[in-house]
Amino acid sequence: MRKGRDRTVFQRDGEWFNKRNDADKASSRHATQREAEAAAKEMLKNQGGSELTIQGQNGRFRSKDTIEPGNDPYPPRDREH
């Protein structure tokens with residue numbers, strides 16, 4: 001997996017953003033975290049999969065998952081997704 005495809009969903013000034021980790025600007029802005037997460041997952045699926053990291057409202061990382069068709073060499077044992 002290429003790290004350049006990884007994305008992060010985060011909140012700033014009351015809006016939720018979907019941003020590629022190597023980009024300067026966010027790819028999309030949304031009213032809710034759920035909308036931003038769905039947009040990020042769809043973009044990752046179209047790009048061949050990679051890692052999606054989600055920050056909570058407090059700025060702490062709350063979730064990290066490999067989006068298909070990405071290949072996670074060490075899949076987590078949790079059943080979050």
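Heavy atoms only: backbone and side chains are in, while hydrogens, waters and symmetry mates are out. Everything numeric here is computed off the predicted structure, so don't read it as measured data.
Using a distance-only test at 3.5 Å, with no hydrogens or angles considered, no donor-acceptor pair links the side chain of Arg7 to the main chain of Glu51.
In this structure, Ile54 CD1 and Phe61 CZ are separated by 11.5 Å, a value rounded to the nearest 0.5 Å. The distance from atom CD of Gln55 to atom OG1 of Thr53, rounded to the nearest 0.5 Å, is 8.5 Å. For the atom pair CD of Glu37 and OG1 of Thr32, the computed distance is 9.5 Å after rounding to the nearest 0.5 Å.
Residues meeting the side-chain hydrogen bond (donor to acceptor under 3.5 Å, both in side chains) test with Ser28, sequence neighbours left out: Asn18, His30.
Here the shortest heavy-atom pairing between Lys41 and Leu52 reads CG-CD2, 3.7 Å. Here the closest heavy-atom approach between residue Arg20 and residue Ser27 is recorded as N-OG, 4.1 Å.
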For this session: Determine, stepwise, if the pair Gln33 / Arg62 fulfils side chain to side chain contact (heavy atoms under 4.5 Å, CB included).
Result: CA-CA 12 Å; Gln33 184 180 28; Arg62 71 171 187 87; 3.3 Å; yes
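The shortest side-chain heavy-atom distance between Lys45 and Ile67 falls under the 4.5 Å cut-off.
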Could you give the side-chain donor-acceptor pairs of residues 8-16 under 3.5 Å, partners two or more places apart or in another chain?
unit_1	atom_1	unit_2	atom_2	d
Thr8	OG1	Asn21	OD1	2.7
Glu15	OE1	Arg29	NH2	3.4
Glu15	OE2	Arg29	NH2	3.2

